[in-house]
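To start, the structure itself, in structure tokens.
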There are 2 protein chains.
Amino acid sequence: MMTTYTKGAGAPLTERQEARRRRILRATTRLAAQGGYDAVQMREVAEMSEVALGTLYRYFPSKVHLLVATMYDQLEQLGGQLRRKPNKGLPPRDRVVDTLLRAFRGMQREPHLTEAMMRALQFADRSVSAEVDGVSRITTQMIYEAIHEDLTVEPGPAELAVIRVITHTWHSSLISWLNGRASIAQVRLDIETVARLIPEEPGSADEAGETQHSA
Amino acid sequence: MMTTYTKGAGAPLTERQEARRRRILRATTRLAAQGGYDAVQMREVAEMSEVALGTLYRYFPSKVHLLVATMYDQLEQLGGQLRRKPNKGLPPRDRVVDTLLRAFRGMQREPHLTEAMMRALQFADRSVSAEVDGVSRITTQMIYEAIHEDLTVEPGPAELAVIRVITHTWHSSLISWLNGRASIAQVRLDIETVARLIPEEPGSADEAGETQHSA
DNA sequence: GCGTAATCTAGAACGAGTTTCAATATTGGC
DNA sequence: GCCAATATTGAAACTCGTTCTAGATTACGC
């Protein structure tokens with residue numbers, strides 16, 4: 001089985017290594033779900049996944065790397081769930097709102113886990129940019145699929161900008177909610193607001209952009 | 001408007017205490033400007049501001065508190081500068097873009113300081129919500145002043161949502177730029193994109209909102 | 001002024017992320 | 001199967017944020 005979902009082109013992991021990696025991610029998810037960011041302690045993760053501390057650090061070079069990788073993992077599952085229940089028929093804008101609100105409801109079910117992953121994502125510095133890009137890519141993909149029912153069209157720069165802005169809003173308002181600085185209603189309103197950037201009709205060329213048509 | 005810059009209604013500081021507080025903030029700014037978040041080490045801040053470590057912690061209960069307070073401080077100065085050079089004549093949307101891009105240029109001049117403050121702001125948890133709210137308030141104020149030339153109108157919930165979305169985008173794209181995951185052009189494009197949420201004309205009532213009027 | 005409470009100082013001590021290292025185990029190539 | 005390279009283990013060590021303690025110093029009501 002070389003259908004490994006290990007994102008980058010890192011060294012191809014052996015079976016036992018893949019198993020270790022999964023144990024680590026599972027332990028992380030469990031600890032994070034119980035007590036959030038602070039409860040994910042590297043020694044505990046190592047112990048719970050039956051791996052030496054040094055090994056844990058060989059697989060994930062920092063706590064932030066570990067949690068961002070966990071987020072990638074969770075997003076893959078979420079993406080599968082969302083794809084399984086498509087919301088056809090609605091206009092694109094509503095489909096995006098629907099998708100994000102559904103994801104939001106999912107996160108409300110595991111607030112500690114969400115907090116741990118989001119804090120790590122926001123705190124990540126340059127050394128984690130590859131992993132953060134991975135998360136960014138999968139998120140972009142999800143939103144893009146919500147906008148377009150057919151995935152043949154390539155997004156132009158203007159549309160990518162809209163998707164980026166939606167992602168920024170999504171992350172930040174989620175954080176605000178987790179920190180008790182925003183209500184659920186506010187999160188919903190923010191999402192509905194930013195969704196107005198998506199053009200009503202899926203007109204083909206250069207939609208959503210009256211900014212300059214470079215490149 | 002407000003005369004004292006001590007935000008909350010904390011204990012009224014004596015002169016020497018006020019001086020200590022300022023020394024601490026100045027040391028923090030200096031260290032952050034040199035080496036970013038990691039270079040702001042509590043022992044160093046204490047030493048440079050000639051204050052015992054315990055005292056530093058009495059003034060700012062954590063590194064994140066300290067950096068968020070520093071951000072508040074910097075934003076006050078920035079707000080003053082921006083107000084001094086108003087951009088009249090432009091439509092509201094362009095004024096906001098102009099303001100944010102000007103702020104962005106300011107931050108490009110001190111990338112490490114910006115990184116330190118923004119990382120802290122994004123990493124802050126519930127225990128810092130009061131301080132984060134302070135920063136949020138001052139930011140909202142700045143954007144609001146850019147939209148309306150007269151400040152008599154109170155913003156409605158729909159307009160507040162637009163401002164929140166702009167703020168979210170502003171923070172997140174700044175972070176992406178700091179982490180090398182977004183170019184300056186992308187930041188600019190994101191800002192221009194999100195600014196489209198601001199109505200063209202300063203029409204008065206319930207502008208910018210066709211979302212439902214619940215609760 | 002005086003006494004007392006609050007504040008400040010210096011420094012040790014604690015906790016969790018991270019690094020390091022020698023010893024041991026596993027893997028892959030021949 | 002054997003050897004060399006690589007990975008894993010266990011444990012100690014190091015860093016930096018944070019807390020704690022005991023003894024000065026300062027602020028302030030009387």
Side-chain angles (χ1 to χ4, degrees), chain A residues 2 4 6 10-24 27-28 31-32 34-70 116-117 119-121 123-128 131, chain B residues 6 10-24 27-28 31-32 34-70 116-117 119-121 123-128 131:
Chain A
M2 28 62 110
T4 53
T6 48
L13 300 183
T14 73
E15 205 162 316
R16 298 185 49 169
Q17 285 173 324
E18 191 57 53
R20 271 194 204 95
R21 187 170 192 280
R22 256 194 298 274
R23 283 209 306 281
I24 293 174
T28 304
L31 286 170
Q34 279 182 331
Y37 188 88
D38 291 334
V40 178
Q41 304 197 350
M42 300 304 270
R43 285 174 236 262
E44 279 227 47
V45 172
E47 192 180 347
M48 187 176 294
S49 42
E50 292 175 296
V51 142
L53 191 54
T55 306
L56 172 54
Y57 273 95
R58 167 182 285 272
Y59 281 74
F60 302 98
S62 80
K63 176 169 172 172
V64 170
H65 283 84
L66 173 57
L67 281 167
V68 173
T70 303
M117 298 185 307
R119 296 261 306 277
L121 188 70
F123 191 58
D125 69 349
R126 307 185 87 93
S127 71
V128 204
E131 287 77 1
Chain B
T6 48
L13 300 182
T14 73
E15 203 161 320
R16 299 185 47 169
Q17 287 175 322
E18 191 58 52
R20 272 195 204 94
R21 187 170 192 280
R22 256 193 296 273
R23 283 208 306 281
I24 293 173
T28 304
L31 287 169
Q34 280 182 330
Y37 188 87
D38 291 333
V40 178
Q41 303 196 352
M42 300 305 269
R43 286 173 235 263
E44 279 226 45
V45 173
E47 192 180 347
M48 187 175 294
S49 43
E50 293 175 294
V51 142
L53 190 55
T55 306
L56 172 54
Y57 273 95
R58 166 182 284 272
Y59 281 73
F60 302 97
S62 79
K63 175 168 172 173
V64 169
H65 282 86
L66 173 57
L67 280 167
V68 173
T70 303
M117 298 186 308
R119 295 260 307 276
L121 187 71
F123 191 57
D125 70 350
R126 308 184 87 92
S127 71
V128 204
E131 287 78 0

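Please read all numbers here as calculations on a predicted model, not as lab measurements.
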Lys NZ or Arg CZ of B:K63 over B:F123 ring: under 6.0 Å, within 45°: no
Side-chain contact check for B:Q17: nearest option of C:dC8, D:dA7, C:dT19 is C:dC8
Please determine if B:E18 and B:R22 form a salt bridge, counting it only when a charged side-chain N lies under 4.0 Å from a carboxylate O. yes
Length of the line joining B:R43:CZ and C:dG11:P, which is rounded to integer Å: 13 Å
Separation of C:dT9 atom P from B:E50 atom CD, nearest Å, is 10 Å
Quick one: which of C:dT18, D:dT9, C:dA16 gets closest to the side chain of A:S62? C:dT18
Tell me: CZ of A:R23 to C1' of D:dA7, nearest whole Å? 14 Å
Partners of B:S62 by side-chain hydrogen bond (donor to acceptor under 3.5 Å, both in side chains), sequence neighbours excluded? B:H65
In whole angstrom, what separates A:L53's CG from D:dA7's P? 18 Å
Integer-rounded Å distance: D:dT8 P and A:F60 CZ: 12 Å
Expressed in angstrom and rounded to an integer, what is the separation of B:Y59 atom OH from D:dT18 atom C1'? 19 Å
Between C:dT19 (C1') and A:K63 (NZ): distance, integer Å: 17 Å
Atom-to-atom span, OH of A:Y57 to P of C:dA16 - whole angstrom: 12 Å
